Amino acid sequence: MKRNSWQEYQKEIADDDYYYVRSCIRQNFFPGSEKAFLDILRNDVGKNIIEEPMHTSCTGIGYHSDIVPMETIMTVVARQFALMTEAGFENFTSSCITSFGIYTEMLETWHEFPETEERTREYLYKATGREFNKPKNLAHTSDVMFKHRGAIAAKMKHPLVNVFTGRPLRVVEHIGCHYAKIFPKKGVGGSEFPYVLAGMIESWGGEVVDYPERRHCCGFGFRNYLVQANRGFSVANSHKKLESMKPYKPDFIVTNCPGCSMFLDKWQYTIAEMEGDTYGQDGRGIPVLTYEEMAGLVLGYDPWALGMQMHQVDVEPLLDKMGIAYDPAAKYLGPNGKFIGQPDPAAVNMNCTPTPILRTL
Amino acid sequence: MTKKVIIIGGGPAGMQTAASLLDLGIKPVIIEKSDRIGGKLNDWHQLFPTFTPAHEVLAKLKGSMKDARVITGTAVESIGKDGVSLSDGSTMEADAVVVASGFNLFRAELKEELGYTIYDNVYTTVDIEHMLNDGKVAMKDGRTPQRIAFLHCVGSRDEKVNQRHCSKVCCVTGVKQAMELKAMFPQSEVYNFYMDIRMFGPGYEEMYRRAQEEFNIHFVRGRISEASETIDRRVQIKAEDTLIGRPLKMTVDMLILIVGMTAGESNRRFAETKGVELQPSGFVAPADSFTLNTCSGVPNIFYAGTVTAPKNLGESINEGVAAAQQVARYLNRR
């Protein structure tokens, strides 16, 4: 993809010592991703990152749905920063782009309207007795992974290359609306031609696909999905994107946002059922990966340990293209070896033939 | 004693200033940083609203100032009390200096969402003038365009790129080029996306009407929010048609960005060193915007043309006449 003025723009991203906060929904949809991020940072890149059980949701979903007031979310954000301060950290990294957008928005609001920061400090102190420092550096976890993409490339076991053709895998990247559309300067590469995921893809041997609806929303859009009557909008947006990327024959999609990962993956099943439209190789869907899963595969992590059996669209065609060995029989076995259940065959996973042994479990 | 006058910039305003000074018996020196005089008029094909070939006007201007001394390939680095310092390290004395350093074209690539220099078939109005001069307007791969979209106000009236001012002449340029391309490709569909159409000059409104009635050019009131490339290298655009209140998406063969005028890059340095005022737009402020448009406030420094604001060609040339008069009056009083 040709890029222009923002290509060289890279935000400041701390090199080490991160205070990590989770997304409130990713652990359900892509349960291995956050663990993979921590493992990769600690074990493969050798960085110091702390995760504490005391932190909470940022309440961003409630905020964007108009049920959490501004003062409340500011105080919640302040509490997260207080936990970081108490832990002795200065670099805050968030696993969710909506949270990242929220933290950025609150810091910007405090900067522009200092009285709101003073009020928030007062609310937090009254409610919890806590005080906080603002982070020295705020980054989304994909920023952190982008920062260390070279170190990951140095340990790469499975580059993003089709082992049958020797050609780079064609990858659609989707950064999500809250990463850079609200504050373009806070995203690597800006908002029009963002480079955060593209940089990882290129560093690890893949080729970024540009397509007409690249910048379009995945369809989550909060109210599009959360209000049931609007859900058709959500499906329609995902459908628009999938139709637009179809002629480019992408090998997989990589996303930045918890919602985007979910909707671009799961709506493929819905669209197949509703419209009969299927995408990807042999109509089996286009696999949708989180950037942690992409990094994990590149580094040689087991796909089932990464939680990729939880995807709606089967990832096996992609694993085959990357030359990754996997045990089909272990796909639906949890970490303790116990059968975790298996989806019924559908257009996007019709080849996930269960083994006779698993059927009897 | 012969009075020495230096004109900074050899575009139309500078050329006319020279011609008018010659008429008044003063022999000026034009210092032009590029390798030829004529300024941006060299790039233009035909001029609105009469479709007069630009080279005809240029030839007239050149003819009228042929006795002036011209130094090309040399920039003025600074203006001192009694002269100027040049980029070759030399200095040149002057009793008066006319700043006719013109404007810059807005760099369309800064509106990254429109894909200029990223996508094959996104062009600027300047590119189209070049193509018209070369006698061939075509898509990047040589195909004939069947559907063409113009976008007005690229780099004008846009706070996001710190260009709040109206560049004034882009509306009529866009209409002129739309008519030229429609005449060249009668089977094509031509769309102009605008937020306002500001037809301020004589004959402009009539030309705009002809564009609609005789050339069947479609004017859509709405900004294009983004451009993307399709798999066959055409350009998908998204806009809102604000007159019917609906979003619009279409694919065109060529997207042409009607780029605005930005303040000359030397204005800020000039203002800082000479203590003259800049307008918020970055164009220099004349001593008085009603009666002293060609005066700077510094007694021996004068302005002509678009150094003070976006102007059309006729206005710039008139300012050359006016600046020469002001210079002559100043020199006579000394």
Side-chain angles (χ1 to χ4, degrees), chain A residues 1-10 170-175 177 179-196 198 202 207-219 221 224 233 236-237 239-251 279 286, chain B residues 104-124 126-127 139-141 147 149 151 154-155 158-163 223-240 246-255 257 259-260 262 265:
Chain A
M1 190 200 298
K2 278 194 279 184
R3 289 190 186 81
N4 204 345
S5 54
W6 283 72
Q7 184 179 3
E8 300 304 320
Y9 174 77
Q10 292 187 15
R170 294 169 61 73
V171 189
V172 159
E173 46 91 36
H174 182 81
I175 61 153
C177 298
Y179 174 69
K181 284 184 185 171
I182 310 172
F183 297 98
K185 273 190 182 173
K186 303 294 181 188
V188 177
S191 65
E192 300 295 339
F193 292 86
Y195 197 60
V196 63
E202 289 176 359
E207 178 186 328
V208 178
V209 172
D210 192 9
Y211 63 106
E213 298 295 350
R214 177 176 54 81
R215 284 170 275 195
H216 200 81
C217 169
C218 72
N224 283 356
F233 289 129
N237 279 302
H239 189 233
K240 180 185 280 191
K241 284 186 76 73
L242 291 161
E243 284 292 316
S244 178
M245 72 178 75
K246 186 178 181 178
Y248 298 82
K249 298 183 177 165
D251 293 300
Y279 305 93
I286 307 170
Chain B
N104 282 354
L105 285 156
F106 177 73
R107 287 173 52 215
E109 56 268 37
L110 293 178
K111 296 291 289 179
E112 202 174 28
E113 67 271 29
L114 300 173
Y116 183 63
T117 68
I118 297 173
Y119 299 135
D120 282 355
N121 286 300
V122 181
Y123 304 89
T124 66
V126 182
D127 298 329
M139 296 169 67
K140 179 82 178 285
D141 62 3
R147 186 185 274 178
L151 174 60
V154 176
D158 186 346
E159 291 193 11
K160 285 187 176 175
V161 287
N162 199 27
Q163 299 292 325
R223 303 279 301 151
I224 294 173
S225 58
E226 69 173 42
S228 312
E229 194 167 65
T230 62
I231 200 160
D232 58 354
R233 300 284 189 250
R234 298 167 76 213
V235 185
Q236 176 185 289
I237 55 176
K238 290 181 181 176
E240 182 185 353
R246 297 191 64 128
L248 172 157
K249 183 167 85 172
M250 65 161 67
T251 303
V252 298
D253 297 319
M254 296 176 88
L255 171 62
L257 310 178
V259 287
T262 66
E265 64 212 4

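Heavy-atom basis, side chains included; hydrogens, waters and symmetry copies ignored. Here the structure is a predicted model, which is why all the values come from computation and not from measurement. Letters A, B, ... mirror the listed sequences (proteins, then strands); counts begin at 1.
What you find for A:P212 and B:S228 is that their closest heavy atoms are O-OG, 2.8 Å. Of all the heavy atoms in A:D210 and B:Y119, the pair that sits closest is OD2-OH, 2.9 Å.
With salt bridges taken as basic N to acidic carboxylate O contacts below 4.0 Å, one links B:K238 and A:E213.
More than 12 heavy atoms of other residues, nucleotides or ligands shown are found within 6.0 angstrom of CZ on A:F183.
Within the 4.5 angstrom heavy-atom criterion, only side-chain atoms of B:Q236, from C-beta onward, approach chain A.
Atom CZ of residue A:R214 and atom CD of residue B:E226 lie 8.0 Å apart, to the nearest 0.5 angstrom. If you take CD1 on B:I231 and NZ on A:K246, they are separated by 12.0 Å, rounding to the nearest 0.5 Å. Remark: B:S225 OG to A:R215 CZ distance equals 8.5 Å, nearest 0.5 Å.
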